[in-house]
Amino acid sequence: MPQTTITLDHPVDFARWRNATRALVGQHVSPEAIAWHVAPSGQPDTPAPDARPFRIPRETMQLAADVLQSMLPDRFTLAYRLIYTHVTGTDIPPPDLTRMEDAAAAVRAETVHLRHDLFTLMQHTDGDDGWHATLQATTYAPECNARFMTFQLSLAPWRLVLPGRRMEWTGKELLYGQDGAAPSPIAFNSLPPPAMPLVNGLDIPRITALPAVALAARTCRICPMARHATQTVFGEGRSDARMMFVGEQPGDKEDLAGRPFVGPAGQLFDRALMEAGIDRDDAYVTNTVKHFKFRPRGTRRIHEKAGPEEIANCAPWLAAERRVIRPHVLVMLGATAASALLGRHVTIGRERSRAIKLDDGTTGVVTVHPSFLLRVPDEAARVREYDHFVADLKLAASLRTPAAP
Ligand code: URA
């Protein structure tokens, strides 16, 4: 007989389920002792202060999240039992496990279908109404792909009518409600993580709003580098910039700050930009690779060069930045950026200091990476190299077409 009642805010309220599970499993409360209810409260959740952090394998937690996206009436209990048995070292009844695996498979299938058919499903209305669709979903996968849809549709408003419920992204907030009730705002973070990583199936070339590209890139965990870095360091600057600068990869300082070129190389870069008469605030500055790659040594993090695979993983983000910004001049800082953008092995000495026509009509200029200047050992050579770098930046600035009056 249940002695504890947990009220969730909506039928896919993963955040409250997880907080309650964390507290109750910590006290070894058995699955049978808990009754789960759904009733919108409009109140923020207050996790139990003594809740112990889970030590649950990622795939077990994802199975729980997938089960919560099913329509099984006892899904909260099943998912709780999965965690409870894991923590207490007891066995999960095989029929329960089979039901969960079947439910998760159905959720995955609906996720794939939704992602694949998103643009076929969605009708677009011009004006403020955005995209809309009516979907005969048999799971809660559409809810859990709200973030995916929002990125894919470039943050444009959308509405989804589902059996017995509606969901709407207004461009500012996510609204959700059962038929017959006024929808209320819910947090993206309250929903279970989708059954497939968020960026899987994203048609990045279709994303036309830079903030949507940036948000999607910030959720990317494709390579191990992304999992170890503090955060994604996306480009920054004006989306209508006439000059775009592309470096190699963020360093330690950039990783911590979440901004490109803010460390020692960035400071030198800023100085050179100023001497070349370029206002960094008018430009767009980014990197070929969006994560800091390092090797731990004691408490230090030693920079490691990103390899071809990592450059290839990040290529869609850089391509999307180029496509959205459409700069007049693209400045490639160093061989990594130049090779990635020109699509061939580049030797800086042979390619630098001249205008290069790129495939999209943009003018490219190759120059050294500012960190190269920091490494030149001889003072006189350093000054010479720095002056050459500033001259390259001036050349790039001269290739911009004039700003609109
Ligand atoms: N080096 C780069 O290539 N990019 C940065 O953002 C910092 C250092």
Side-chain angles (χ1 to χ4, degrees), residues 210 213-214 217-218 220 223 225-226 228-239 241 243-274 276 278-295 300-322 325 327 329-342 345-348 351-352 364-376 382 385-386 388-390 392-393 396:
L210 196 58
V213 184
R218 290 200 172 100
C220 183
C223 43
M225 192 173 60
H228 295 127
T230 307
Q231 55 196 315
T232 300
V233 179
F234 200 69
E236 67 174 20
R238 297 173 62 121
S239 58
M243 296 189 84
M244 176 166 164
F245 295 87
V246 184
E248 182 180 318
Q249 65 192 87
D252 183 74
K253 292 273 188 304
E254 287 78 15
D255 171 76
L256 296 173
R259 297 181 52 213
F261 283 103
V262 294
Q267 282 158 21
L268 189 66
F269 178 50
D270 283 347
R271 199 178 109 203
L273 282 177
M274 213 168 62
I278 300 166
D279 188 343
R280 181 164 165 169
D281 291 343
D282 285 341
Y284 186 84
V285 178
T286 192
N287 281 301
T288 309
V289 169
K290 312 298 190 208
H291 289 106
F292 177 42
K293 184 175 180 187
F294 63 93
R295 179 169 31 93
R300 295 181 59 213
R301 307 191 298 171
I302 311 298
H303 171 99
E304 285 207 321
K305 214 172 161 57
E309 202 177 321
E310 289 144 336
I311 292 172
N313 282 338
C314 272
W317 305 123
L318 182 57
E321 288 173 295
R322 263 182 89 182
I325 292 160
V329 185
L330 186 68
V331 183
M332 294 160 261
L333 303 166
T336 300
S339 302
L341 288 161
L342 298 177
H345 177 74
V346 169
T347 310
I348 297 292
E351 308 269 1
R352 75 181 294 184
V365 173
V366 171
T367 186
V368 291
H369 191 283
S371 64
F372 160 75
L373 303 172
L374 294 172
R375 293 194 303 267
V376 179
R382 193 158 58 239
E385 286 295 346
Y386 177 78
H388 194 171
F389 180 55
V390 173
D392 284 348
L393 297 182

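Keep in mind that the numbers below use all heavy atoms, side chains included, and drop hydrogens, waters and symmetry copies. Whatever order the structure lists ligands and atoms in, that order sets their numbers, starting from 1.
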S.K.: Kindly write out the residues that satisfy ring pair (Phe, Tyr, Trp, His ring centres under 6.0 Å) with F389, not counting sequence neighbours, or none if the list is empty.
M.R.: none
S.K.: Could you walk me through whether E310 and K305 pass the salt bridge (charged side-chain N to carboxylate O under 4.0 Å, His left out) test, one step at a time?
M.R.: CA-CA 10 Å; E310 289 144 336; K305 214 172 161 57; over 6 Å; no
S.K.: Look at ligand 1 and say whether H369 reaches it with a heavy atom at a distance under 4.0 Å.
M.R.: yes
S.K.: Looking at residues at least two apart in the chain, or sitting in another chain, which of them share a side chain to side chain contact (heavy atoms under 4.5 Å, CB included) with S239?
M.R.: L210
S.K.: For E248, which part has a heavy atom under 4.0 Å from ligand 1: side chain, backbone, both, or neither?
M.R.: both
S.K.: Could you check if a side-chain atom of H303 sits within less than 4.5 angstrom of a side-chain atom of F292, using non-hydrogen atoms only?
M.R.: yes
S.K.: Between F261 and ligand 1, does any nitrogen or oxygen pair lie at a separation below 3.5 Å?
M.R.: yes
S.K.: What is the closest protein heavy atom to atom 4 (N) of ligand 1, and at what distance does it sit?
M.R.: N287 OD1, 2.7 Å
S.K.: Closer than 4.0 Å to some heavy atom of G247 - which atoms of ligand 1 meet that?
M.R.: 3 (O)
S.K.: To which protein heavy atom is atom 8 (C) of ligand 1 closest, and what is the distance rounded to 0.1 Å?
M.R.: Q249 O, 3.8 Å
S.K.: Of R301, Q231, H291, which meets side-chain hydrogen bond (donor to acceptor under 3.5 Å, both in side chains) against D255?
M.R.: R301
